[in-house]
Every structure is written in structure tokens, then in C-alpha cells.
Amino acid sequence: MTYFFETYGCEMNIAESAAAEQLFIARGWKKAASAQVCDVAVINSCSIRKTAEERIEGRLGWYSGLKKVRACRPDAKAKLLEEAAEYVKDGPKPLTLVFMGCMAERLRESIKKDWPCIDYVVGTFAKHHFGEIIDAVEEKRTPFALDDTESYKFASLSYEPGSFSCFVPIMHGCNNFCTYCIVPYVRGRECSRPVEEILKELEVLNGYGVRDVTLLGQNVNSYNGSDKNGSSVNFAGLLQRIADYLKETSSSIGWVRFMSSHPKDLTDDVIDVISKNDVLCRHIHLPVQNGSSKILSAMNRKYTREQYLDLVTRIKTAMPDVSLTTDIMMGFPGETEEDVQATLDLMRQVQYESAMMYYYNPREGTPAAKMEQIPLEVKKERLQRVIDLQLEHTHIQMSRHIGETAKVLVESVSRDNKAELLGKTARNEKVAFAAEKSMIGSFVTVKITELSGNTYRGVLLS
Ligand code: SAM
Ligand code: SF4
Ligand code: F3S
């Protein structure tokens with residue numbers, strides 16, 4: 001039997017889709033060439049912005065049409081779905097549609113009524129029931145309702161076959177309630193994964209050939225797990241245990257990074273542990289959201305512009321070669337031109353290597369949605385100025401490394417030039433260089449010779 005995943009949203013969703021996919025693979029299921037010809041299709045949804053939800057609703061419309069074709073209904077528009085029409089030429093082939101993720105959690109009560117094409121709604125607290133869904137499909141049973149009243153269970157192994165990089169969720173949920181954000185409502189309160197479970201997962205991933213690991217959480221700095229002795233371990237403690245464990249076990253995992261870091265919780269002991277352990281990448285994603293203290297306060301971010309800049313100075317003093325990336329949101333209620341200038345100025349001071357940039361999107365049920373809104377054109381224009389400045393900074397920051405040698409994880413053959421391989425640096429930058437295919441999956445040393453768009457070109461040294 002075959003499955004197909006369609007994943008929207010952040011790294012947490014990518015990790016949870018990969019973990020659910022492992023369950024299908026363990027049962028001998030295969031990945032389908034397309035959703036049109038699979039037995040189970042899974043949409044892993046995101047609620048972060050209205051635009052994300054609208055796009056997903058568009059996909060649900062498409063799946064409604066697909067299910068009609070697959071059921072050979074007379075009202076099916078088979079012409080639009082040729083592959084599916086061909087697939088059912090000998091009779092109907094049922095398709096089970098699973099809707100999971102944050103939008104499934106947010107609209108748990110109504111989504112199935114609005115979209116009868118969905119067979120299973122799997123909220124963020126119910127995804128460990130995936131195995132039961134697979135059982136029911138294999139046994140051709142009618143869909144049943146899932147119990148989502150239990151506490152969050154971490155997905156085990158978010159490994160994508162063949163990949164050298166992998167996400168490892170270490171904590172889940174969020175207690176911060178930034179006034180614009182839907183995440184605390186759809187992902188619940190913070191909970192942390194036990195230390196030994198994380199170490200065990202690293203061991204398994206190492207065995208699969210994974211070389212680069214990203215520890216995941218909405219705010220990894222508030223990690224508060226426990227070890228096998230029952231002692232509590234904070235984020236700095238976890239990073240140190242991971243670094244020690246990888247050394248003791250001579251693991252081939254060469255890079256460990258993390259996201260996201262809430263600036264209010266990134267303490268000096270975390271900076272210290274990164275600067276003392278080479279396995280921890282000097283690449284920190286530190287979402288600022290805005291450069292104005294007034295807007296940061298309205299967002300409930302719990303730090304000021306000055307505190308953020310002070311944190312950046314402490315990080316850069318401890319690790320002059322650090323690469324900082326961020327998230328920026330423009331057009332939050334109450335933002336003035338002065339606030340926009342404060343954000344542009346903060347960007348000039350920090351010099352981010354890259355940034356995820358958005359305009360504020362009101363989310364029903366969050367405090368900021370009730371505040372007086374800024375017109376869409378104004379938000380878009382402000383966002384464009386931020387994007388333009390960041391493009392300049394990305395170019396300046398990346399150009400600084402031309403002429404340097406870099407440790408590179410080789411990931412694949414370049415799609416544009418089959419004689420070249422593609423890899424990435426510890427700062428997550430792409431590098432293309434000529435080398436033997438046998439190097440895929442290993443760390444090599446490359447001299448960076450030029451920058452073409454956002455990809456370096458280089459020469460293999462060893
Ligand atoms: N926990 C992370 C943090 O606090 O930095 C952020 C996680 S959130 C999934 C990713 C990004 O989405 C946020 O940093 C923010 O910039 C953006 N975001 C969240 N809510 C938004 C909204 N209502 N409108 C626009 N962007 C939003
Ligand atoms: Fe959302 Fe803020 Fe939590 Fe990040 S810290 S997930 S932006 S509420
Ligand atoms: Fe979206 Fe949920 Fe992530 S709302 S951004 S998938 S935590």
C-alpha cells in the first residue's frame with residue numbers, strides 16, 4: 001500500500017511528518033509518486049498565518065475533487081486529474097485523507113463538517129494514534145474518532161531516509177503567549193523530553209548516517225528535562241551532555257544546532273557551552289521580531305531593543321565568527337514610521353546573515369487581532385524595505401567568507417551540474433564544488449572561491 005505526505009509550516013511539522021512516515025515504512029508501505037494514486041494522503045497543516053490556512057483550504061478543495069474521481073462518482077471532474085482517472089479505470093480505489101497538524105488542532109470541532117472529504121482529524125495531541133489509522137485502513141474499517149485528551153507524546157525518530165541532516169524535537173509547546181501568535185493555543189504548554197531519550201535518538205541517527213542534527217522546540221532555551229537520576233537539566237546542561245556524549249561514543253554526528261531561541265531566555269551559560277564545544281554550530285537563530293521596544297512590549301516579547309542588542313554583543317564577543325539569523329515581523333498594530341526606522345537600524349547593527357520576514361497577520365483568538373490594524377498596503381511596503389535591506393546584508397555577510405576554508409557536509413550531486421557536488425557549511429550556507437560522488441555523506445574541507453547568488457563555489461582541499 002502507498003502513502004503521500006503534504007507538509008506545511010515549520011520545522012516541527014516537518015519533523016512530525018517524517019516521524020509519521022516512519023510508521024508507514026515500518027509496515028512495509030511505499031511512498032506514492034503522487035497524491036492522485038496513493039491509498040492514504042496526509043496533509044500536515046499550519047495555522048501561523050491566514051494565508052497558510054487559505055492555501056491549505058485550497059488543497060482540501062482539490063482533495064474533495066480527487067476523492068470523487070477515486071470513487072468513480074458521476075460528478076467527478078476526471079479531466080483535471082488524469083493520473084487518478086487512469087488509476088481507477090478498473091473501478092473505484094478508495095483514498096483515505098488524514099488531516100493533521102496545527103490547523104487540525106485549531107479547527108478540530110468544525111473542520112470535518114466543513115470538509116467531509118477528511119477521514120481522520122489528527123490534532124497535535126493525537127498523532128501517536130497514527131498506527132491505529134494504518135491498522136484501520138489495512139483492515140478496510142470505517143474511520144473512527146481519535147482520543148486527543150492525552151498529554152503530548154514526542155514522535156520518535158523524525159528521520160527522512162537518505163538524509164544526512166535530521167531534526168530532533170527536545171521540547172514542545174509554548175508558554176510565552178506573544179500577542180500575535182497562535183502557537184500556544186494549538187501546541188499547548190511547554191514540555192521537555194528526557195535527556196536519555198534524546199541521547200538514544202542521536203545514537204540511532206548516527207547509525208543511519210546522519211551527520212547534522214537540529215534540536216527543535218518553540219523556545220529551546222526553556223528546555224527543562226530530567227536525566228535518568230531524576231535531576232533536572234536546563235538547556236545549557238543538555239547541550240553539554242550532548243557534546244560529551246558524542247565525544248565519548250566517537251559519534252560521526254559532527255554538527256548540532258538548535259532552533260528557535262527566545263532572546264529573553266538565552267543565558268550566558270548557553271553562550272559559554274557553545275563557545276567551548278566545536279560540535280555545537282556557531283549559528284544561532286535569534287528571532288527579534290521588531291527593533292522597537294514599544295512594539296516588542298505590545299508583542300509581549302519580554303525584552304527591549306537594548307536587551308536584545310546587549311545579548312548580541314555578548315554572543316559576538318564570545319564567538320566573533322558566529323552567524324546570526326532572525327525572524328522579523330512588520331506592520332504590527334501601533335507600528336509607526338519611527339518604529340520601522342528602529343527595526344532597520346537594529347538590522348544594520350546586528351548584520352544578520354539571513355532572516356525570515358513576514359508582515360503581521362491577525363490570528364483569531366489572539367490579543368493582537370483585537371487591536372487597531374494597519375492597512376495591508378502599508379504592511380507590505382514596510383516588509384519590502386526590510387527584505388531589501390536584508391538582501392544587502394546577506395550578500396555582505398556571505399561575501400566576507402570568500403577566500404576562507406570551510407568544513408562542508410556533502411549532501412548531493414548538484415542538479416545544475418552533474419560533475420559537481422552540493423554541500424552546506426556549519427552556517428547552513430550552500431557550497432558547490434567538483435568532487436567524487438563517494439564523498440556524499442562525509443565532511444570535507446573546501447576553499448570558498450566565489451559567491452553566485454546565495455550559493456558559494458569552492459575547491460575541494462581534503
Ligand atoms: N517560537 C519562535 C520564536 O518565538 O521566535 C517562533 C515560532 S513561529 C512558528 C515562526 C515565526 O512566525 C515567528 O517568529 C514570527 O515571526 C512569525 N509569526 C508568528 N505569528 C505570526 C503572525 N500572526 N503573523 C505573521 N507572522 C507570524
Ligand atoms: Fe509564538 Fe512567541 Fe511562543 Fe514563539 S515564543 S511560538 S512567537 S508565542
Ligand atoms: Fe505552523 Fe504550527 Fe509550526 S502553526 S509554524 S506548524 S507550530
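Quick note: numbers below take in every heavy atom, side chains included, and nothing from hydrogens, waters or symmetry partners. First listed ligand is number 1; within each ligand, the first listed atom is number 1.
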Nitrogen or oxygen atoms of [X] and ligand 1 under 3.5 Å apart:
X      : result
His262 : no
Tyr360 : no
Ser261 : no

- [ ] With Arg59 as the cation and Trp62 as the aromatic partner, state whether NZ or CZ is under 6.0 Å from the six-membered ring centre and within 45° of the axis.
- [x] yes
Open item on the list: Just by distance, no angles: are the side chains of Tyr245 and Glu196 close enough, under 3.5 Å, to form a donor-acceptor pair?
Closed with: no
Task: Between Lys302 and Ser297, a side-chain donor and acceptor under 3.5 Å - done: no
TODO: If you have a sec, work out which protein heavy atom is nearest atom 7 (C) of ligand 1 and how many Å separate them, to one decimal?
DONE: Gln218 OE1, 3.3 Å
Open item on the list: Quick test: of every protein heavy atom, which one is nearest to atom 15 (C) of ligand 1, and how far off is it to 0.1 Å?
Closed with: Gln289 OE1, 3.5 Å
Backbone N or O of [Y] within a donor-acceptor pair of the [X] side chain at under 3.5 Å?
X      : Y      : answer
Arg427 : Glu353 : no
Arg211 : Ser165 : no
Asp39  : Thr2   : yes

Task: Proximal protein heteroatoms (N, O or S) of atom 2 (Fe) of ligand 3, under 2.8 Å - done: Cys102 SG
Task: Sub-4.0 Å heavy-atom contact, Met103 with ligand 3 - done: no
Open item on the list: If the criterion is any heavy atom closer than 4.0 Å to an atom of ligand 2, which residues make the list?
Closed with: Cys174, Asn176, Phe177, Cys178, Tyr180, Cys181, Val183, Pro184, Gln218, His262, Arg301
